[in-house]
> 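One structure, as structure tokens, below. Some questions next.
Numbered from 1 within each chain, the chains take letters A, B, ... in sequence-line order.
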There are 2 protein chains.
Amino acid sequence: MSISSRFSVGIHILALIEINKNGISTSEFLAGSVNTNPAVIRKIIGMLKGAGLVKVQPGIAGAKLAMKLSDITLFDVYKAVNVVQEKELFSVHENPNPDCPVGRNIQETIVPLFEVAQIALEKSLGNVSVEDVVNDIIKKENIS
Amino acid sequence: MSISSRFSVGIHILALIEINKNGISTSEFLAGSVNTNPAVIRKIIGMLKGAGLVKVQPGIAGAKLAMKLSDITLFDVYKAVNVVQEKELFSVHENPNPDCPVGRNIQETIVPLFEVAQIALEKSLGNVSVEDVVNDIIKKENIS
DNA sequence: TAAACTTGTAATAATATTTGTTACAGGTGT
DNA sequence: ACACCTGTAACAAATATTATTACAAGTTTA
Ligand code: FES
Ligand code: FES
């Protein structure tokens with residue numbers, strides 16, 4: 001199992017809008033960089049827009065950032081593109097046997113533990129901004 | 001996306017072997033409690049055995065614990081059942097465009113950040129033992 | 001106003017992953 | 001010999017992910 005690449009693509013999109021800020025970032029342009037279909041990009045941009053991270057308008061070419069990149073954390077992107085439902089990073093087997101002491105309690109016991117772990121993950125994502133990502137890309141470009 | 005329930009089933013199996021320690025925990029017995037097919041249980045038990053968490057022998061009915069439950073953390077189970085590959089909790093889109101400054105750097109930039117988050121998750125799982133799970137189940141049973 | 005281009009969105013297809021099922025070889029104990 | 005178990009592989013079914021195609025509706029510009 002792996003968390004959908006929608007997340008990494010979302011980060012990619014935001015970073016590229018920034019780096020291409022003097023140009024026009026259409027879904028086709030972005031798709032060329034990510035190497036996927038423009039419709040995929042439009043769907044993800046729609047999600048980023050829903051979360052207030054970008055501005056786009058039907059008919060008008062190009063997406064723009066709606067916030068400072070330093071205010072957008074990876075956690076914001078992660079939530080925006082909806083790759084993991086709340087409390088559902090780990091799936092738990094359904095319908096355990098209610099006649100078994102373990103079966104009738106395992107879910108209630110395990111779910112909160114899984115939740116703590118999920119929150120630890122998400123907290124970590126919250127410590128990094130997309131600006132950090134862009135700066136790292138710029139640094140890597142300058143060195144090489 | 002969700003992490004395979006093999007993980008929760010693995011925890012369930014260990015807990016049930018403990019609670020049924022005076023009985024014989026065959027794959028059929030365990031399957032009845034988890035509510036799945038015995039072959040699924042045998043496959044998972046095989047993984048737990050590979051990690052040294054349980055003892056089973058071909059032909060001999062029943063699985064036994066190979067370690068003290070207090071020494072088995074949820075992280076141990078998680079690794080044993082192989083629900084997430086190392087560094088691959090998050091998938092990253094492949095083949096980004098090497099002619100784009102973002103495309104040619106995004107992977108190298110993002111992967112370490114994802115890794116930090118994954119480790120935070122795993123560290124959290126390492127803080128809880130299967131014994132804690134069993135104790136919680138027992139507590140819940142006694143109250144109700 | 002028409003043509004050219006865009007976004008938003010849905011329907012569909014292709015692919016991959018997860019889970020369950022069936023079957024059976026080979027081990028063990030009665 | 002028989003009944004029972006584990007280990008394992010092959011297969012099937014159910015889900016989820018990603019890509020593709022198509023088109024309505026908005027915008028620009030010529
Ligand atoms: S059914 Fe999950 S522990 Fe018994
Ligand atoms: S950022 Fe992923 S291809 Fe440009």
> Just how large is the angle between the end axes of the helix from C:dT1-D:dA30 to C:dT30-D:dA1, five pairs per end, to 10 degrees?
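Here the local axes at opposite ends form an angle of 10°.
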
> Could you pick out which residue, A:Asn37 or B:Ser91, lies toward the 5' side of DNA chain D when each is mapped onto its nearest nucleotide?
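Closer to the 5' end of DNA chain D: B:Ser91.
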
> Do side-chain atoms of A:Thr26 reach the backbone of A:Ala61 as a donor and acceptor pair under 3.5 angstrom?
no

> Given atom CD1 of B:Ile24 and atom C1' of D:dT6, what is their separation to the nearest angstrom?
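Spelled out: CD1 on B:Ile24 to C1' on D:dT6 is 14 Å.
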
> Just the rounded figure in Å: distance from P of D:dT17 to CD1 of A:Ile44.
13 Å

> Starting at CD of A:Glu88 and ending at C1' of D:dT15, how long is that distance when rounded to a whole Å?
14 Å

> Quick one: what's the B/S/- string for nucleotides 3-9 of chain C, heavy-atom cutoff under 4.0 Å, read 5' to 3'?
---BBBB

> Pull out every protein N or O sitting under 3.5 Å from an N or O of nucleotides 13-16 of chain C, one pair per line with the distance.
none

> If you take all heavy atoms of A:Ser5 and B:Val92, which pair is closest and at what distance?
CB-C, 4.2 Å

> Between D:dT18 and A:Ser5, is there an OP1 or OP2 to side-chain N/O distance shorter than 4.0 Å?
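So the side chain of A:Ser5 is within the cut-off, an N or O lying under 4.0 Å from OP1 or OP2 of D:dT18.
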
> Measure the distance from CD on B:Glu94 to P on D:dA19 and round it to the nearest whole Å.
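In whole Å, D:dA19 P lies 10 Å from B:Glu94 CD.
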
> Calculate the interatomic distance between A:Arg6 atom CZ and D:dT17 atom C1'; express it in whole Å.
8 Å

> Using the ring pair (Phe, Tyr, Trp, His ring centres under 6.0 Å) rule, collect all pairs that involve residues 18-53 of chain A, keeping only residues at least two apart or in two chains.
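Residue pairs passing ring pair (Phe, Tyr, Trp, His ring centres under 6.0 Å), neighbours aside: none found.
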
> Report yes if a side-chain nitrogen or oxygen of A:Ser4 is closer than 4.0 Å to either non-bridging phosphate oxygen (OP1 or OP2) of D:dT17; otherwise report no.
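Negative; the distance criterion is not met.
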
> Sequence neighbours excluded, which residues qualify as side-chain hydrogen bond (donor to acceptor under 3.5 Å, both in side chains) partners of A:Ser124?
none

> Take atom CD1 of A:Ile3 and atom P of D:dT17, then tell me their distance rounded to the nearest Å.
11 Å

> A:Asp136: what forms a side-chain hydrogen bond (donor to acceptor under 3.5 Å, both in side chains) with it, not counting sequence neighbours?
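Testing A:Asp136 for side-chain hydrogen bond (donor to acceptor under 3.5 Å, both in side chains), a comparison that skips the adjacent residues, returns A:Lys140, B:Thr109.
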
> Between B:Ile41 (CD1) and D:dT8 (P), how many Å, whole number?
16 Å

> By salt bridge (Lys or Arg N to Asp or Glu O under 4.0 Å), which residues pair with A:Lys21, not counting sequence neighbours?
A:Glu18

> Listed by chain and number, what are the side-chain hydrogen bond (donor to acceptor under 3.5 Å, both in side chains) partners of B:Asn37, not counting sequence neighbours?
none

> Enumerate the ring pair (Phe, Tyr, Trp, His ring centres under 6.0 Å) contacts for residues 103-138 of chain A, please, sequence neighbours excluded, ordered by first and then second residue.
A:Phe90-A:Phe114, A:Phe114-B:Phe7

> Check side-chain hydrogen bond (donor to acceptor under 3.5 Å, both in side chains) between B:Lys87 and all other residues, then give those that pass, not counting sequence neighbours.
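Residues passing side-chain hydrogen bond (donor to acceptor under 3.5 Å, both in side chains) with B:Lys87: none at all.
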
> Which pairs of donor and acceptor atoms, one on a side chain in residues 71-80 of chain A, lie under 3.5 Å apart (sequence neighbours left out)?
residue : atom : partner  : partner atom : Å
A:Thr73 : OG1  : A:Phe75  : N            : 3.2
A:Thr73 : OG1  : A:Asp76  : N            : 3.1
A:Thr73 : OG1  : A:Asp76  : OD2          : 3.2
A:Asp76 : OD2  : A:Thr73  : N            : 2.8
A:Tyr78 : OH   : A:Glu122 : OE2          : 2.6

> What is the distance, to the nearest angstrom, from the CG atom on B:Leu48 to the C1' atom on D:dT6?
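My rounded result for the distance is 14 Å.
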
> Test: side-chain hydrogen bond (donor to acceptor under 3.5 Å, both in side chains). Region: residues 39-64 of chain B. Which pairs qualify, not counting sequence neighbours?
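Residue pairs passing side-chain hydrogen bond (donor to acceptor under 3.5 Å, both in side chains), neighbours aside: B:Ser27-B:Arg42.
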
